[in-house]
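Numbering starts at 1 and runs along the sequence shown. What's counted below: heavy atoms across the whole structure, side chains too, no hydrogens, waters or symmetry copies.
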Amino acid sequence: MRATRLYAPTLRETPAEAEVKSHQLMLRAGMIRKAAGGLYTYMPLAWRTLKKIMNIVREEMDAAGGQEIAMPIVQPSEIWKETGRWSVYGEEMFRVADRHGREFCLGPTHEEMVTTLIRDEVRSYKQLPLMLYQIQNKYRDEIRPRFGLMRGREFIMKDLYSFDKDEAGMNESYKLMYDAYTRIFSRMGLDFRPVEADNGAIGGGHSHEFTVLAEAGESNIAYCTSCDYAASDEKAELKVIKAPEEDMKSLEKVPTPGAHTIALVAQCLNLPLEKTIKAVAFQSDRDDLILAFVRGDHDVNDVKVVNLFEDAIELHMASDEAIIAAGGVPGFMSPIGLKEGTRVVVDATVMEMFNACAGANEKDVHYINVNPKRDFKDVTVADIRMIKEGDACPHCGAPVKMTRGIEAGQVFTLGTKYSQSLHATFLDENGKEKPLVMGCYGIGVSRTMAAAIEQNNDENGIIWPKAIAPFEVVVVPVNAKNEDQLRIAEEIYDELKNKGVDVLLDDRKERAGVKFKDADLIGYPLRITVGPKAVDEDTVELKIRRNGEVCTAAKADVAAKAIEMLEEL
Ligand code: ATP
Ligand code: MG
């Protein structure tokens, strides 16, 4: 391809509306243009990268036994009513009516569609396992479409659905997909972690999010520095920390005037935070009070607290009135001396403390010599702590690090949730009718392109991993008006093309500075520069975008050298 024929209008200035790097750089590199909030046109460079991502995804889905299909984007409301999701999905669903007033939606996902597709024709265990997938636009009317392609209202997703005869089969399909996803993100050259995820509303089973590590990510993840453990902070389990054993002294009240935060208490009594117990008061969506206690230097993980109570869906901070009604004093709360029946959750690590300090349910007063095992009555003990950097890995004990990541894909086991509500059954070996056991597996193709940029950029622009670069190599004649330079550049370009390299010739009659800036901004992995030295001394320059490394070669050797360098990238 020649740059004179490429539609990629680059911008020198960073557009004000773009907050994150990937959005800014895709606009500046002439890759995308906005049509409306969360709706973008993919221009030629972006589409080339997206096609490479889709090809990798497709190859791995096929290799794992997936069969590609294409279901309609427009879906009838009836099937969504059968599962009850027509109402549950709420405002995120784009809804349309046809000329007869019949209701449809633009598919945000396809569980209903694919399950109703197969329910009448998959009748026997002999037809299982079955894995069907597609790569197409999805539609979600997100409350806050933002960050360019990261959270769009129309985006490209690969969605695969697995159908098995039993849970063991489902777990095998899950493993196949987990491994395929690992290969996909590795082949794309991305630094990623499969992260144990909370599978929230879907319940039961397993789920992993494939997270591309990048500062702009919306997920907080903890990963081990020694083994391959990684989990979202909400989900990360923590080991109990045992304090060194001490003789239990007797409980004592001490004045702590004005010390209504744990930091002030520690200061007032000259204690390390690890010797203190801090309280967090929540109210559930039904307004029940839940008091949570963790060590002073720890934080409460409210997702873990919610999961302890079947009747709670969401927690918010408790009102002072609710705390007082339970016999507590805001700022001085204690598990000791609350009204009977108050729900108290104590972190398992707190139970292992000796002679600690906690509130006394009295204004300006704290207890010292609190020994939870002796003093706390009627409390629920559980792991309710939020992981933080330096905590011990729950698998191997090495310290964990915290990082931010972008969820690029997710694998889920669904069990029989959809097959039951949609009556998708089969006959097993004994002729017994059973619901199909399902899994679903998504990759945000367009979000992955954005995530790749978030992870791979510098002050000059994008640094594409080779496998998903719009072009692998750009050949730049420094002065395209010079016939000798242009001829040499064209010959190198032709040779590379013939050898199967994905190459662009920047034959534009622009200043060299402009072409170099564009090459850095668009981020081709390798740049080959043909200047006066190529004409006078038979010396052509090759430059690696990622590290700026430069080497030279005679024209006859350039193609071989370029291919060798690409192989090492
Ligand atoms: P999120 O939690 O970010 O909203 P999700 O859990 O709703 O995502 P899934 O239903 O699991 O997403 O969809 C599969 C994949 O589709 C996600 O892993 C993500 O990469 C991508 N995706 C989801 N929503 C969007 C969006 N609004 N824009 C771009 N990609 C998206
Ligand atoms: Mg998800």
Side-chain angles (χ1 to χ4, degrees), residues 8-11 13-43 45-50 53-54 57 91-94 106 108-109 136-159 185 188-193 195 197 200 209-221 232-234 402-410 442-465 468-470 521-523:
T10 55
L11 310 172
E13 304 296 322
T14 301
E17 82 262 23
E19 294 166 66
V20 295
K21 275 275 150 158
S22 58
H23 190 194
Q24 293 170 354
L25 288 170
M26 277 191 275
L27 287 171
R28 283 189 50 205
M31 293 177 67
I32 58 166
R33 288 293 179 261
K34 181 172 162 181
L39 303 172
Y40 291 86
T41 296
Y42 309 117
M43 307 229 284
L45 288 172
W47 192 244
R48 292 181 73 88
T49 288
L50 288 168
I53 297 176
M54 289 188 266
V57 170
E91 304 209 288
E92 209 173 286
M93 190 183 252
F94 275 105
L106 304 183
T109 177
Q136 66 166 202
N137 281 345
K138 292 280 184 278
Y139 296 82
R140 295 184 186 176
D141 196 0
E142 302 269 359
I143 302 186
R144 280 206 298 159
R146 60 192 177 138
F147 302 155
L149 301 190
M150 294 254 247
R151 189 165 293 285
R153 296 199 292 170
E154 174 184 86
F155 57 97
I156 305 173
M157 197 204 282
K158 183 284 300 177
D159 45 329
F185 291 104
M188 288 195 279
L190 299 178
D191 186 9
F192 70 97
R193 296 281 186 290
V195 170
E209 285 174 3
F210 281 73
T211 305
V212 173
L213 304 187
E215 267 314 303
E218 291 180 300
S219 346
N220 268 317
I221 65 174
S232 64
D233 60 353
E234 294 171 350
M402 299 299 298
T403 183
R404 294 183 79 82
I406 298 162
E407 178 198 325
Q410 183 159 24
I443 289 183
V445 171
S446 43
R447 185 186 282 183
T448 298
M449 173 164 73
I453 296 175
E454 290 296 338
Q455 190 177 78
N456 298 282
N457 68 76
D458 65 11
E459 65 283 3
N460 297 319
I462 304 167
I463 307 174
W464 284 110
I468 57 173
L521 174 62
I522 296 168

Among I32, L149, I453, which one satisfies side-chain contact (heavy atoms from CB on, under 4.5 Å) with H23? I32
Do you know the tightest heavy-atom contact between R447 and E407? NH1-O, 2.9 Å
Heavy-atom closest pair (A408 atom, V212 atom, distance to 0.1 Å) is CB-CG2, 3.9 Å
Under 30°, 30 to 60°, or over 60°: which ring-plane class applies to Y139 and F94, parallel, tilted or perpendicular? perpendicular
What are the two closest heavy atoms between A214 and I406, and how far apart are they? CB-CD1, 3.8 Å
Using a 4.5 Å cut-off on heavy atoms from C-beta on, say whether the side chain of L27 contacts that of E17. yes
Nearest heavy-atom pair of Q24 and P15: which atoms, and what distance? O-CD, 4.4 Å
Quick one: are T14 and R28 in side-chain contact, heavy atoms under 4.5 Å? yes
Can you classify the ring geometry of F185 versus F192 as parallel (below 30°), tilted (30 to 60°) or perpendicular (above 60°)? tilted
For side-chain contact (heavy atoms from CB on, under 4.5 Å), just list the numbers for R140 and T109, CA-CA rounded to whole Å, side-chain angles, deciding distance to a tenth of an Å, and then say yes or no. CA-CA 9 Å; R140 295 184 186 176; T109 177; 4.2 Å; yes
Between M157 and G442, the two heavy atoms sitting closest are SD-CA, 4.4 Å
Separation of M54 CE from T49 OG1 (nearest 0.5 Å): 10.0 Å
Does the side chain of R404 reach to within under 4.5 Å of the side chain of N220, using non-hydrogen atoms? yes
Nearest non-hydrogen partners of R33 and P9, listed with the distance: NH2-O, 2.9 Å
Could you give the distance from CD (E454) to CG (L213), rounded to the nearest 0.5 Å? 12.5 Å
Once rounded to the nearest 0.5 Å, what's the spacing between atom OG of S446 and atom CG of N137? 8.0 Å
Could you measure the distance from the CE atom of M449 to the CG atom of L45? Nearest 0.5 Å is fine. 10.0 Å
Any donor and acceptor pair, going by atom type alone, linking the side chain of R153 with main-chain N or O of G38 inside 3.5 Å? no
Spacing of CE belonging to M93 relative to CG belonging to L106, to within rounding of 0.5 Å: 9.5 Å
side-chain contact (heavy atoms from CB on, under 4.5 Å) between K138 and Q136, worked out: CA-CA 6 Å; K138 292 280 184 278; Q136 66 166 202; 3.1 Å; yes
Is Q455 reaching over with its side chain to a backbone N or O of D191, donor-acceptor style, under 3.5 angstrom? yes
Interatomic spacing from CZ in F155 to CD in E142 - rounded to 0.5 Å: 6.5 Å
Salt bridge between R151 and E218, side-chain N to carboxylate O under 4.0 Å? yes
Quick one, T448 with I468, criterion side-chain contact (heavy atoms from CB on, under 4.5 Å). Give me CA distance, side-chain angles, the key distance, then yes/no. CA-CA 10 Å; T448 298; I468 57 173; 5.9 Å; no
Short side-chain to backbone donor-acceptor contact, W464 and I522, under 3.5 Å: yes
Trace of the side-chain contact (heavy atoms from CB on, under 4.5 Å) decision for I462 with N456: CA-CA 6 Å; I462 304 167; N456 298 282; 5.8 Å; no
If we check side-chain contact (heavy atoms from CB on, under 4.5 Å) with L25, which of these qualifies: V20, L521, N460? L521
